[in-house]
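A, B, ... follow the sequence lines: proteins, then strands. Residue 1 opens every chain.
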2 protein chains.
Amino acid sequence: MTSLSDPKRSDALRRRPTMKNVADLAGVGIKTVSRVINREPHVSEETIARVRRAAEQLQYQPDIHAGNLRRADRRTDTLGLLVGSVANPFSAAVHRAVEDIALERHVAVFASSLDEDPERELSSVNAFLRRRVDGLILTTIQPSQAYLGAQLDQGIPIVFVDRRPHGIEADTVITENAEGASGAVEHLLAMGHRRIAYLGDDAKIFTARERKRGYLDTLRRAGVAPDARLMIDNLDDEAKASAAVADLLALDDPPTAIFSAQNLITVGVITSLRSAGASTRVALVGFDDVPMAALLEPAVTVVAQDPASIGEIAARRVFDRLDGLDEPARDFVVPTRLIVRGSGEIRPS
Amino acid sequence: MTSLSDPKRSDALRRRPTMKNVADLAGVGIKTVSRVINREPHVSEETIARVRRAAEQLQYQPDIHAGNLRRADRRTDTLGLLVGSVANPFSAAVHRAVEDIALERHVAVFASSLDEDPERELSSVNAFLRRRVDGLILTTIQPSQAYLGAQLDQGIPIVFVDRRPHGIEADTVITENAEGASGAVEHLLAMGHRRIAYLGDDAKIFTARERKRGYLDTLRRAGVAPDARLMIDNLDDEAKASAAVADLLALDDPPTAIFSAQNLITVGVITSLRSAGASTRVALVGFDDVPMAALLEPAVTVVAQDPASIGEIAARRVFDRLDGLDEPARDFVVPTRLIVRGSGEIRPS
DNA sequence: TTGGGATCTGATAACGATGTCATAACTGCT
DNA sequence: AGCAGTTATGACATCGTTATCAGATCCCAA
């Protein structure tokens with residue numbers, strides 16, 4: 001048993017073994033070790049065995065980045081992923097899907113959180129690039145992604161997820177935000193609602209704008225004049241969403257239904273409706289599924305996104321491009337699905 | 001606007017600029033560029049400006065791994081993190097905390113999912129090591145982690161999270177599993193329960209064993225003989241947990257309370273109790289908090305873990321060691337907190 | 001026996017950076 | 001003016017690996 005407090009250990013830190021060490025121990029040249037490690041042909045069975053034994057004995061691990069320096073393809077088998085926040089269930093599902101695809105190719109994934117901070121977008125991307133990732137999957141908040149043009153020119157695949165980039169043409173995987181929002185609002189209209197509130201995130205965020213657009217378009221198509229007092233933006237946490245709902249309920253003519261345009265906002269809305277005793281009176285449809293939604297009382301009707309598909313499509317697109325696919329950038333629009341559970345089927349009184 | 005379909009672009013992929021390119025453009029030697037990039041002294045203001053301009057113009061990004069090869073400290077400013085699954089809320093919270101600490105130091109994080117697969121443990125660790133991470137934060141499932149002894153000897157900080165390693169002495173950050181489980185069971189005993197079921201994960205998992213130990217010890221201390229029919233292991237997804245609850249409820253003398261030892265299991269239990277109409281009759285305390293627990297009916301009493309602290313402590317420990325801290329390996333035990341919400345306060349009929 | 005083609009092997013350059021060291025140009029003192 | 005010390009700069013070796021190429025050995029057919 002090796003131990004940190006083991007006196008044998010503390011005096012001298014052993015260096016990591018290199019190919020040279022393995023070569024010396026096996027009594028061969030380093031190129032031969034390289035051939036064995038990379039399973040190249042033209043090495044005798046006996047030499048292979050000797051090298052394997054030496055590598056085993058030294059617990060040799062090749063330095064992938066040293067190799068990358070000289071290797072023709074310059075691949076690091078590494079990918080950079082920037083999501084909203086690795087702690088958000090939506091982002092976590094995207095991350096997981098990307099990881100699963102990457103794992104098939106022995107590609108490791110750097111994951112970072114954007115936190116809707118433009119500075120973090122830049123520093124994360126730079127951190128990825130300095131580490132020479134093979135590809136990028138990015139959720140962005142900067143007004144323009146034109147700064148990535150040089151990277152595209154260098155042949156680094158970049159796929160944008162969840163939000164469309166600006167100032168650059170690149171592959172993009174997004175949810176059908178406006179359409180999904182329309183579906184939610186149409187559902188509420190069909191239930192007889194006319195006073196439908198919109199609770200959304202900062203308009204700087206692409207998805208927030210799109211969902212609001214779907215909400216507004218659908219109201220207009222139905223001949224319902226949007227009421228500015230029923231539309232609240234900039235709700236970037238649960239607490240703000242809860243407070244907004246309290247304000248709405250205090251109006252002279254409060255909404256009979258709420259369209260909540262993001263998962264954390266939906267949670268805040270539920271909390272607030274519950275504490276006001278209004279959860280069985282005011283209808284609610286949320287955009288993006290919420291954990292445990294089916295077990296709540298009433299169960300929460302949502303327009304569910306498909307984060308696993310988003311991540312998978314994005315990762316596959318990166319690898320397709322790495323495999324040489326050369327076609328114009330395109331959009332992948334991932335459908336949403338209205339999941340009827342109860343809260344959205346409450347009728348106006 | 002740069003575009004993928006831009007004909008100017010497709011003919012020749014520009015190479016990534018190197019220090020040499022910047023040096024040539026600025027009319028200086030590469031060492032001078034290196035000095036400017038690394039903010040080393042002894043460069044005139046004028047030269048700095050010229051180099052900066054050239055680097056800017058070429059959008060130069062230094063290759064951190066090429067530098068690492070020669071640099072004395074051999075740091076890659078990279079960390080490997082292996083968690084249960086990046087999609088699990090507990091793991092995601094650990095990940096987020098690690099990321100926050102790492103970001104302060106400009107360290108990027110490789111995140112991988114273990115999926116309780118011993119092979120994945122090995123392949124993830126190897127993937128990290130081949131990429132020369134500065135430190136490792138690991139959740140493990142292999143019966144022994146002795147294979148990591150060589151890395152410790154090489155001075156690579158390794159911190160184990162959530163589960164204690166075997167065959168090696170290294171820093172470990174774990175939840176007070178047995179104590180937390182005891183607290184849960186004591187709570188149920190105090191409510192008058194004697195037939196308390198245990199629903200847990202695979203006994204190969206350290207936390208599952210510890211929590212079961214806490215359950216058993218507490219029952220024995222209270223003079224309650226454990227009933228084998230009330231203890232179900234190997235529940236590794238919600239569906240199995242639900243099925244197990246259905247079986248329990250079908251017993252002649254069903255449990256009056258359930259101690260559910262993991263978050264996904266708790267969700268399965270809730271679903272099953274609900275559909276059997278037993279959620280207000282059978283008490284439930286879960287280990288690890290569950291999303292929306294406070295909003296369920298009844299709200300779910302849990303022994304909450306503190307994944308953010310676990311991640312933070314682990315990351316700090318890695319960096320302390322990288323900063324030269326040299327003390328014996330130690331355990332960090334993170335306390336749990338009983339959150340009383342309703343489901344655990346149901347009394348036996 | 002010889003020649004020609006495989007097969008096996010290692011010496012050497014190179015990848016993009018940093019560490020070492022030498023050199024040149026200043027500065028401030030006697 | 002001469003010297004020492006400091007500042008500014010770049011040539012060159014080097015990190016751990018892979019690419020190139022050449023040399024050695026082997027096999028088989030002529």
Working for side chain to side chain donor-acceptor pair (under 3.5 Å), residues B:R96 and A:S85: CA-CA 8 Å; B:R96 180 62 212 237; A:S85 166; 2.9 Å; yes
Under 4.0 Å protein heavy-atom contacts per nucleotide of nucleotides 10-18 of chain C, with B for base, S for backbone only and - for none: BB-BBBBSB
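With B:D73 as the fixed residue, the salt bridge (charged side-chain N to carboxylate O under 4.0 Å, His left out) test singles out one of B:R75, B:R71, B:R70: B:R71.
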Taking only distance into account, with no hydrogens and no angle test, what donor-acceptor pairs under 3.5 Å do side-chain atoms of residues 20-31 of chain A form with protein atoms, sequence neighbours excluded?
from, atom 1, to, atom 2, distance (Å)
A:K20, NZ, A:D24, OD1, 3.2
A:K20, NZ, A:D24, OD2, 2.9
A:N21, OD1, A:T18, N, 2.6
A:N21, OD1, A:T18, OG1, 2.9

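Among residues at least two apart or in separate chains, salt bridge (charged side-chain N to carboxylate O under 4.0 Å, His left out) pairs with a member in residues 127-140 of chain B are A:D63-B:R132.
Stacking of A:R164 on the aromatic ring of A:F160 is not recorded, the 6.0 Å distance cut-off and the 45° axial limit not both being met. Taking the ring centre of B:F319 as origin, the terminal cationic atom of B:R317 falls outside the region bounded by 6.0 Å and 45° from the ring axis.
Counting non-hydrogen atoms of other residues, nucleotides and ligands closer than 6.0 Å to CD of A:E104 gives a total above 12.
The distance from atom CG of B:N126 to atom OH of B:Y147, rounded to the nearest 0.5 Å, is 8.0 Å.
Between the P atom of C:dA25 and the NE2 atom of B:H42 lies a distance of 18 Å, rounded to the nearest Å. Atom pair A:I48:CD1 and C:dT7:C1' shows a separation of 13 Å (rounding to whole Å applied).
Here the range on DNA chain D touched by chain A, meaning any atom under 4.0 Å from one of its heavy atoms, is D:dG16 to D:dT20.
Between A:H95 and B:H95, the two ring planes are tilted [angle within 30° to 60°].
An end-to-end axis angle of 50° holds for the helix from C:dT1-D:dA30 to C:dT30-D:dA1, taken from five base pairs per end and rounded to 10°.
Contacts of B:F206 classified as ring-ring contact (aromatic ring centres under 6.0 Å, His included), with partners at least two apart in sequence or in another chain: none.
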